[in-house]
Structures are given as structure tokens and as C-alpha cells.
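First the proteins, then the strands, lettered A, B, ... as listed; each starts at 1.
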Number of protein chains: 2
Amino acid sequence: MTISEENYIKVIYHLSLVSPKGVNTNAIAGMLETKASSVTDMLKKLSEKDLVSYQKYQGVSLTENGLLSAKMIVRKHRLWEVFLVEKLAFNWDEVHEIAEELEHIKSEALINKLDAFLGFPAFDPHGDPIPNEKGVIQKVNKLLLSEAELNREYFCIGVKDSSSEFLKYLDKQKIALGSTFKVIEKESFDDTLTVEVNSQEKIISNKIANNLYVQ
Amino acid sequence: MTISEENYIKVIYHLSLVSPKGVNTNAIAGMLETKASSVTDMLKKLSEKDLVSYQKYQGVSLTENGLLSAKMIVRKHRLWEVFLVEKLAFNWDEVHEIAEELEHIKSEALINKLDAFLGFPAFDPHGDPIPNEKGVIQKVNKLLLSEAELNREYFCIGVKDSSSEFLKYLDKQKIALGSTFKVIEKESFDDTLTVEVNSQEKIISNKIANNLYVQ
DNA sequence: ATAAAAATTTAGACAAAACTAAAAATTAAT
DNA sequence: ATTAATTTTTAGTTTTGTCTAAATTTTTAT
């Protein structure tokens, strides 16, 4: 697979988690910052290679082959992110772009040795699960902070948006994976939350609460 | 720079160490397993970008820009090789191809943090020096085993040929960086050496002796 | 010094992956 | 149920890096 093909497969994978019926051409184009016509061209090629099943105008989904390939790319991406944060002392908001490049390094021995070196981590620095050597992904119960019940204790276990801007905001607010959350009050007008984070009271907008996973 | 451009710059760098007057089109084509006409095309492009100085039919050499770029690529390659051997437990004959991919990862922060993580190593697993952040390469006195004097103690400090075949042969012969060498006898007919390696007597062909650096 | 051989460059073509503009199919709206 | 809007595909180009074949320059050998 070329790097370009891998990027398409990865994007189709992520989109198909949200819309399992079939992924739109335009949605793919949006994620890859390319044009719909380019996507159509590539879908034909990926279909030839039995990585996606594609019917004109009907959207696209991954074949078994394509799904496994996608999971291996995601595995590589997330393992490299762990390496960058745990071993090279990068901050969690700095690793995405570098991992986007590292995920295309081909060697399977490399990624399995890296996995062992890191101690077979189950989650990446943003709380996303890391597929194992076979592509199996551990399923985790989680909910958005915006869906949390009042006056119950939760732990932050992940972020939905892992953009640098959002992560830097969390750093500023001293919110990290493992932080404890208790929702004190929910403002019905705009869904703003009053939350006790690590025993400190904070006001948290609905947009933020919609991008924090808790348990 | 594209990956292809980087590969050309790197090959020109390595060839210019052997023939400093100017590197031949055919030599580049040979190293990159491509055709001379493709090389000519690329030399024009690299010349446009002020990475090489190139005059039709007269061979090519790196500009200051090109030289620094080449050294940075070599730096990345060798640091990744150290990582693969020291941290991921690869054997020294397995790392070249993987490092050929890793050397094209762009982030400067990455490579400097990797350098620090590895403890600022001066040499890669084959004994080749690692350029520092500025591109400075430590100069080392070394000679080939084939040029060694009789009955003097030497240490193995590097290999000239770092092909997997040669390195595996050295593993089999229990020769590694740091091994001690004393040449007992030189057969004048074919230059075969009788050598004491780590206090054990061995017969070593001229071809082998021409690919081992000692000090 | 000139002819033959070797090396290099030019010219024209191709594949991959992108693009623009136009056409076709699907979906939404009256 | 048509029409309008949106989405998707097709057709034709472009760019990058490669190729082959032919032409040119340089080097080697007589």
C-alpha cells in the first residue's frame, strides 16, 4: 500500500465508526482535504485491491482486508504516540502530526518490538485503545462528561477531540487523564456544568463536556 | 524535500566522500537502482533548489545547503539505528532497511529528543559517526585490518561493508565492535591473514580484512 | 588525431495522485 | 411527481518521478 492509500483506508475506518451504513465521498474528501473527484478515483483503486467494497453513488465500506489494514495503521499511530510521550517526553498535544508520519513505516517486526518495549500499552496518550497484533480492540465503557449524572464520581479516561488547541486548554485547566470529576450542577439554559475537578470547582461549557470521556 | 530528493542527496553525499572531485551520473543511478536519464532529471531539479552544483557532463557536488541536508539525513538514519539496536533489541544486521524509512520523518524536535533519549551517542551500531545537531562529524583515526601492522594490538571500531551478509558472517565468527585483533601472519600470495581475535586464532581473507576498521 | 566506446543528456511517453469543469445520479422540497 | 439542490462521477489536465530510445558529449584506444 502507498502512503496515500493508507491514509484513505484510515479515514474510511474512522468515518465508518460514526456512520456504519457506508461512508460518503464528500466526508472522505473533507477529512483528507482533497476533492471529491480524487476520492472517487482512489475508491476505484482500493476496490480493485479488495480493500473497500464500493458501488457507485452508494458510499463505501471496508472489506475484511481493509478493516485489518486500517486497524494496523491505527495500532502503529497510537503506539508511536505512546513512545513519543512516555519515552521522548513530548506533550500529548504535540504527537499527532509526528505519529501521522511514523504510522506509515512498514516493518511489522518494528511495531511488535516497539509494543514490547513500551510494555504492551492498552491506551494511547489521549485514552484511545491500541489494537493488538491481531487487530483486536479492547472495548471500554465510557460516556461523555455531558452525559454524566449529578453528584457521582467519575474519572477522565479520554478525549474525543484531540486537537492541540483542546489539549492545551485542558492543560491550562489542569485536566488530564485520571482527573476525578463530580458534576455539581447543570445549567438547563446552555448546558454549562459546574464540576468539581480534582476537588476544585470549575465551570465547564457544553462544548468541552462533549469532548471529555469519563467512567 | 521529497523522499526521492532526500535519497538523491544522501547518495551524492556518500559518493562524494569517495570521489570528492565530482560524482558521476552513472554512479548515482547504480546506487539508487534507477536509470541515468532519471538522475539527470533530478540533478536539474536539485540544482534549481541550490542543493547541488551541477554542470552538464561534468558531474555533481553538494552545495553548502545540500551538504547540511545530507548530514541531517545521515544523522537521523544513524540515530534510528542506535534506537533499534539499543532499545528495541534488533541485531545490527537488521536495522538498515528500517532506518532507510525512518530517516525521512520530518520533525526536528523528534530527532533531537531521540538523540537525548539515547544519551547523545557518537557512533551507530556499525561504528559510523553520528553528526551532531549542527552537522559536525567527529573525525576518527582508523585503518583497515588489511593495513594493520604485524604483532600489534588493535580494536575493531567499525565495518566498511554493512550488508546483512557480512554482518552475519562476523556474528558467526564472533567478531563484533570492540573485539581485539593481533595480526600474526600475512600470506603474501593472496593477503590472507592469520589473526588472533579475542585471543583466538583465526584465518581471515583479504576481502574480510578490507571491510573491518581497527584502531 | 581520429575512430570507437562509454557516459550523459534530450525528447517523448507513462503511471500515480491530484486537480477543474461538466455531466449524471440521488436526495430534498414544493 | 416534478423541479431544484446536492452529491457523485466522468473526462480531460497537471505534476512528480520514472522510463526508453535517440542524440550528444566525453573519454579511451589505436
Do [X] side-chain atoms and [Y] backbone N/O form a donor-acceptor pair below 3.5 Å?
{"X": "B:His96", "Y": "B:Ser162", "answer": "no"}
{"X": "A:Lys106", "Y": "A:His104", "answer": "yes"}
{"X": "B:Arg75", "Y": "B:Pro131", "answer": "yes"}

Using whole Å, what does the distance between atom [atom2] of nucleotide [N] and atom [atom1] of [X] come to?
{"X": "A:Ile3", "N": "C:dA16", "atom1": "CD1", "atom2": "C1'", "result": "13 Å"}
{"X": "A:Leu46", "N": "C:dA16", "atom1": "CG", "atom2": "C1'", "result": "13 Å"}
{"X": "A:Met42", "N": "C:dC19", "atom1": "CE", "atom2": "C1'", "result": "14 Å"}
{"X": "A:Gln58", "N": "D:dT7", "atom1": "CD", "atom2": "C1'", "result": "12 Å"}
{"X": "B:Lys49", "N": "D:dT16", "atom1": "NZ", "atom2": "C1'", "result": "11 Å"}
{"X": "A:Asp41", "N": "D:dT14", "atom1": "CG", "atom2": "C1'", "result": "13 Å"}

(message) Given the ring of A:Tyr13, does A:Lys71 sit roughly above its face, with NZ or CZ under 6.0 Å from the centre of the six-membered ring and within 45° of the axis?
(response) no
(message) Return whichever of A:Ala36 or A:Lys56 has its heavy-atom-nearest nucleotide of DNA chain C closer to the 5' end.
(response) A:Ala36
(request) Report the nucleotide, chosen from C:dA18, D:dT8, C:dT10, that has the shortest atom-to-atom distance to any side-chain atom of A:Thr40. (result) D:dT8
Can you name the atoms? Protein N/O to nucleotides 20-24 of chain C N/O, anything below 3.5 Å, with the distance.
residue	atom	partner	partner atom	Å
C:dT20	OP2	A:Lys35	NZ	2.9
C:dT20	O4	A:Ser37	OG	3.0

(message) For the residue pair A:Asp124 / A:His77, report whether a side-chain donor-acceptor contact shorter than 3.5 Å exists.
(response) no
